[in-house]
Amino acid sequence: MTEDRAVEVARVYDAAGLSVCRYGADPCPINAPGTYTAVLDGTYPFPGSRAGVAVLDRASNAGCLETGIGLHQGDLSTVGQYDCLALDAPQGARIAALTPRSSSGVAVDVDVLDRDGTAQCNASELGSGDCELAGAAPFRALVHT
């Protein structure tokens with residue numbers, strides 16, 4: 001575990017035992033449905049539990065909170081927590097987002113994805129107002145610690 005409490009996946013294997021992603025890949029892309037095994041490094045903070053492993057379908061809006069244009073306030077209180085926000089913006093729109101710059105000790109990151117789970121922009125591009133939604137709608141923002 002690093003100083004910012006990030007845990008790196010050591011290896012992910014498919015059902016045939018073949019390596020899907022290498023050490024430290026973030027995120028670890030899994031491109032086909034199936035059964036996978038994650039072997040975590042020795043610093044994993046949740047021994048005997050799967051509570052800390054997050055598997056997300058980046059091409060799914062399931063569980064996303066519908067948001068309008070404007071201010072959204074959320075509560076990221078758990079290390080590794082993800083919140084999904086469905087964005088009400090059409091293809092070709094330019095969007096911006098600001099993340100808090102407080103001393104709460106929680107570092108927030110935002111990734112904007114299109115309908116297919118393709119990354120459209122990251123927190124840096126959002127913060128500078130340089131995020132154009134070039135992919136296919138609907139779009140969603142994954143907000144995470």
Side-chain angles (χ1 to χ4, degrees), residues 1-41 44-46 49-102 104-145:
M1 187 162 60
T2 64
E3 285 183 16
D4 64 356
R5 297 184 51 146
V7 176
E8 295 184 357
V9 172
R11 292 172 205 78
V12 175
Y13 298 98
D14 65 14
L18 300 175
S19 180
V20 176
C21 62
R22 59 187 161 82
Y23 187 84
D26 182 28
C28 172
I30 297 176
N31 298 317
T35 300
Y36 294 87
T37 301
V39 178
L40 305 171
D41 67 18
Y44 186 63
F46 308 101
S49 169
R50 290 176 282 181
V53 176
V55 178
L56 305 172
D57 181 353
R58 294 171 62 93
S60 173
N61 266 352
C64 290
L65 176 66
E66 295 290 332
T67 60
I69 301 298
L71 178 65
H72 172 78
Q73 290 184 311
D75 181 22
L76 295 174
S77 57
T78 306
V79 173
Q81 178 179 337
Y82 276 79
D83 283 354
C84 182
L85 307 174
L87 304 177
D88 186 21
Q91 182 179 23
R94 297 186 70 80
I95 63 172
L98 301 176
T99 56
R101 300 194 183 279
S102 69
S104 67
V106 177
V108 177
D109 202 1
V110 182
D111 296 303
V112 175
L113 309 173
D114 69 6
R115 173 186 65 205
D116 301 319
T118 303
Q120 297 296 296
C121 48
N122 58 34
S124 175
E125 294 162 327
L126 283 164
S128 67
D130 192 29
C131 175
E132 180 178 356
L133 302 176
F139 299 95
R140 66 196 149 284
L142 291 181
V143 182
H144 51 99
T145 60

Legend entry - Backbone N/O of A86 and side chain of T67: donor-acceptor pair under 3.5 Å: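 Yes.
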
Legend entry - Residue pair V110, N122: steps toward the side chain to side chain contact (heavy atoms under 4.5 Å, CB included) verdict: CA-CA 6 Å; V110 182; N122 58 34; over 6 Å; no

Legend entry - Residue pairs fulfilling salt bridge (Lys or Arg N to Asp or Glu O under 4.0 Å) with at least one residue in residues 118-127, sequence neighbours excluded: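 As it turns out, there is no salt bridge (Lys or Arg N to Asp or Glu O under 4.0 Å) pair with a partner in residues 118-127 once direct neighbours are skipped.
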
Under 4.5 Å between any side-chain heavy atoms of [X] and [Y], yes or no?
{"X": "L65", "Y": "D83", "result": "no"}
{"X": "Y82", "Y": "V143", "result": "no"}
{"X": "T118", "Y": "L113", "result": "no"}

Any idea which heavy atoms bring [X] and [Y] closest together, and the distance?
{"X": "G129", "Y": "A96", "result": "CA-CB, 3.7 Å"}
{"X": "A123", "Y": "D109", "result": "CB-OD1, 3.2 Å"}
{"X": "L133", "Y": "F139", "result": "CB-CZ, 3.6 Å"}
{"X": "C84", "Y": "R140", "result": "SG-CD, 3.7 Å"}

Inset, instruction - Carefully, step by step, assess Q120 and D114 under the rule side chain to side chain contact (heavy atoms under 4.5 Å, CB included). - result: CA-CA 7 Å; Q120 297 296 296; D114 69 6; 3.4 Å; yes

Legend entry - Short N-O contact, R94 and D130, less than 4.0 angstrom: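 Looking at D130 together with R94, the answer is yes, because their closest N to O distance falls below 4.0 Å.
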
Inset, instruction - Only counting residues at least two apart or in another chain, list the ones meeting salt bridge (Lys or Arg N to Asp or Glu O under 4.0 Å) with D88. - result: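 Not a single residue meets the salt bridge (Lys or Arg N to Asp or Glu O under 4.0 Å) criterion with D88.
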
Inset, instruction - Under the salt bridge (Lys or Arg N to Asp or Glu O under 4.0 Å) rule, collect the residues that match up with R115, sequence neighbours excluded. - result: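 Scan of R115 (salt bridge (Lys or Arg N to Asp or Glu O under 4.0 Å), adjacent residues dropped) gives none.
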
Legend entry - Point-to-point distance, once rounded to the nearest 0.5 Å, from OG of S19 to CG of D14: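 Atom-to-atom, S19:OG and D14:CG are 8.5 Å apart.
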
